[in-house]
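Everything below concerns the one structure shown next.
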Amino acid sequence: MEPTIPDVTAIVSTILSVPVDELDPDTSIFDLGANSLNVTELAWRLSKAYAQRIESEDLYQAMSISGIIAFLSQRLQDVAVDRQKEVNALIEEFSVPFTETPRAKVTTVDAHLHSTVLLTGATGSLGSHILAKLLASYDAVAVVCLVRGDPLPRLRASFDQRGLDPAILDEASKTGRLQLLSTSSLADKHLGTTTTDYARLLETVDIVIHSAWRLDFNIPLSGFKGDIGATRSLAELCACSARRPSLNFTTSISTTFGVPDELVPERPLEPLAKYALNQGYALAKVVTEHTLYRLHTAAHQSFPLHIIRVGQLCGDTLTGFWSTDEMAPMLLASIPALRAIPREIGAPGS
Ligand SMILES: NC(=O)c1ccc[n+]([C@@H]2O[C@H](COP(=O)([O-])OP(=O)(O)OC[C@H]3O[C@@H](n4cnc5c(N)ncnc54)[C@H](OP(=O)(O)O)[C@@H]3O)[C@@H](O)[C@H]2O)c1
């Protein structure tokens with residue numbers, strides 16, 4: 001949020017208990033009656049409003065409302081430059097050339113009829129529904145799931161929790177349509193599987209659907225290096241596999257909120273941090289999208305790449321199950337406790 005005279009004046013007015021129209025932006029806040037306690041409170045309120053750590057000392061330097069605005073604008077600009085530098089550095093770091101030797105390309109005549117899908121994130125909201133759909137609706141499709149821990153019990157528990165039928169997992173496992181691999185770390189070059197399993201993936205996979213990602217909106221960009229690395233490892237698998245599988249990466253519309261056009265173009269955007277929400281999660285998706293574009297181009301587009309920007313997922317249309325750590329269920333759950341609802345959902349300050 002850009003600091004403006006009305007917004008900063010409103011905050012100062014509340015703290016000093018002076019009406020807005022009596023506050024001259026160029027007058028020192030100390031001449032307007034501010035004491036050290038007011039300055040501490042003002043620093044705290046501004047820190048919250050502009051998501052920056054602002055100290056009392058900064059306000060003693062800035063003095064007036066205009067001075068505070070100039071200080072905040074400079075601070076936000078410096079932060080934006082640093083954020084962009086971090087994004088660029090991570091794109092560089094993760095788009096270095098692959099080291100795996102590509103397998104000789106095999107052309108499969110009936111790839112659409114008998115495909116093997118490699119799915120990540122199958123224990124999650126989206127992944128479990130993709131898995132259920134693939135097993136229920138596409139008889140000729142085999143699915144390999146990369147799951148942390150003990151895969152079958154974890155998948156069963158996830159299906160159970162979401163009102164999906166776990167019996168289809170047992171049935172598909174018995175017939176071999178569902179193959180489960182435990183991963184120690186997807187960011188590992190061989191996706192945290194054994195050498196034998198990785199070699200089999202290189203020979204058999206036709207489509208990769210990558211839905212695994214840490215859904216945490218509080219950790220910084222640097223905390224997502226594992227997720228970015230995992231996506232790179234999957235791109236390497238696609239570039240070097242005999243069947244040159246397509247990579248379908250699930251990203252998020254949080255990468256595009258700052259795009260100035262009304263419609264977000266369905267093509268690579270500039271890798272600009274200012275297009276993304278100011279959170280590690282969204283910036284990491286920006287880094288990953290652009291790392292993939294680069295790797296795709298460097299590998300002479302040998303593997304098809306699909307970047308899918310997903311909006312807010314809603315609850316299951318049949319069971320109603322909706323993950324309780326999503327924004328909308330959290331908002332609904334807070335209503336009885338607060339006995340209030342926002343006047344305008346999504347409006348500033350609501
Ligand atoms: N939910 C939304 O509204 C929404 C909106 C836009 C985009 N998306 C995107 O859609 C995709 C799926 O989201 P979701 O809602 O299904 O998320 P979710 O329910 O939180 O599931 C996340 C999945 O990723 C797996 N995972 C996370 N970190 C991992 C790691 N380091 N190694 C291996 N697996 C890991 C989890 O496995 P464990 O069970 O082992 O933790 C789980 O299967 C994500 O890319 C997300 O960014 C979601």
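Counting starts at 1 for both ligands and their atoms, following the listed order.
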*Evaluation steps, side-chain hydrogen bond (donor to acceptor under 3.5 Å, both in side chains), between Gln84 and Asn88*: CA-CA 6 Å; Gln84 185 65 55; Asn88 295 348; 2.9 Å; yes
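Within ligand 1, the atoms closer than 4.0 Å to a non-hydrogen atom of Gly121 are 23 (C), 24 (O), 43 (O), numbered from 1 in the order shown. Under a 4.0 Å criterion applied to the non-hydrogen atoms of Ser211, ligand 1 contributes the atoms 11 (C), 12 (C), 44 (C), 45 (O). Ligand-side atoms of ligand 1 in range of Thr123: 36 (C), 37 (O), 38 (P), 39 (O), 42 (C), 43 (O), range being under 4.0 angstrom from any heavy atom. The distance from ligand 1 to the heavy atoms of Leu186 drops below 4.0 Å at these ligand atoms: 32 (N), 33 (C). Atoms of ligand 1 lying under 4.0 Å from at least one heavy atom of Glu326, given by number and element, are 1 (N), 2 (C), 3 (O), 15 (O). Residue contact check: Ala212 has heavy atoms under 4.0 Å from atoms 24 (O), 25 (C), 26 (N), 34 (N), 35 (C) of ligand 1.
Heavy atoms of Tyr281 come nearer than 4.0 angstrom to ligand 1 in at least one pair. Close to ligand 1: Arg154, with a non-hydrogen atom less than 4.0 angstrom away. Heavy-atom distances between Ser254 and ligand 1 stay at or above 4.0 Å for every pair. Using 4.0 Å as the threshold, Gly226 has no heavy atom nearer than that to any atom of ligand 1. By the 4.0 Å heavy-atom criterion, Thr251 is counted among the residues contacting ligand 1.
Using cut-offs of 30° and 60° for the angle between ring planes, the Tyr281 and Trp213 rings count as perpendicular.
Of all protein heavy atoms, the one lying nearest to atom 6 (C) of ligand 1 is Val310 O, 3.2 Å. For atom 16 (O) of ligand 1, the closest non-hydrogen atom of the protein is Leu126 N, 2.8 Å. Counting protein heavy atoms only, atom 48 (C) of ligand 1 is closest to Leu313 CD1, 4.1 Å. Looking only at heavy atoms of the protein, atom 21 (O) of ligand 1 is closest to Gly124 CA, 3.2 Å. Counting only heavy atoms of the protein, atom 5 (C) of ligand 1 lies nearest to Gly311 O, 3.1 Å. Annotation: atom 10 (O) of ligand 1 to nearest protein heavy atom, Thr250 CG2, 3.3 Å. The closest protein non-hydrogen atom to atom 22 (C) of ligand 1 is Trp213 O, 3.5 Å.
Counting heavy atoms closer than 4.0 Å to ligand 1, residue Leu215 contributes side-chain atoms (C-beta onward) but none from N, CA, C or O. The proximity of Gln312 to ligand 1, defined as any non-hydrogen pair under 4.0 Å, involves the side chain as well as the backbone.
When Gly127, Ala122, Ser125 are ranked by how near their heavy atoms come to atom 19 (O) of ligand 1, first place goes to Ser125. Which of Arg148, His129, Arg162 comes nearest to atom 35 (C) of ligand 1 through a heavy atom is settled by distance: it is Arg148.
Using modelled atom types and a 3.5 Å distance limit, the side chains of Thr99 and Lys189 yield a donor-acceptor pair. With no hydrogens or angles considered, a side-chain donor-acceptor pair links Ser66 and Asp26 at under 3.5 Å. Ser254 and Gln279 share no donor-acceptor pair across their side chains, judged by distance under 3.5 Å alone. A donor-acceptor pair shorter than 3.5 Å can be found between the side chains of Thr231 and His210.
Arg75 and Asp78 are not joined by a salt bridge, as no carboxylate oxygen comes within less than 4.0 angstrom of a charged side-chain nitrogen.
Side-chain atoms of Tyr275 and Val264, non-hydrogen and from C-beta on, never get closer than 4.5 Å to each other. Side-chain contact check for Pro3 versus Leu76: some heavy-atom pair is nearer than 4.5 Å. Between Val144 and Arg200, the closest side-chain pair of non-hydrogen atoms is not below 4.5 Å. Contact annotation: the side chain of Ile207 never approaches that of Val141 to less than 4.5 Å [non-hydrogen atoms, C-beta and beyond]. For the pair Phe224/Lys285, no side-chain contact is recorded, criterion being any heavy-atom separation below 4.5 Å from C-beta on.
Screening Arg156, Gln161, Arg162 against Ser158 for a side chain to side chain donor-acceptor pair (under 3.5 Å) leaves a single residue, Arg162.
Judged by distance alone, with hydrogens and angles left aside, the side-chain atoms of His296 form a donor-acceptor pair with the main-chain N or O of Phe303 at under 3.5 Å.
In terms of polar-atom proximity, defined here as any N/O pair under 3.5 Å, Lys285 does make such a contact with ligand 1.
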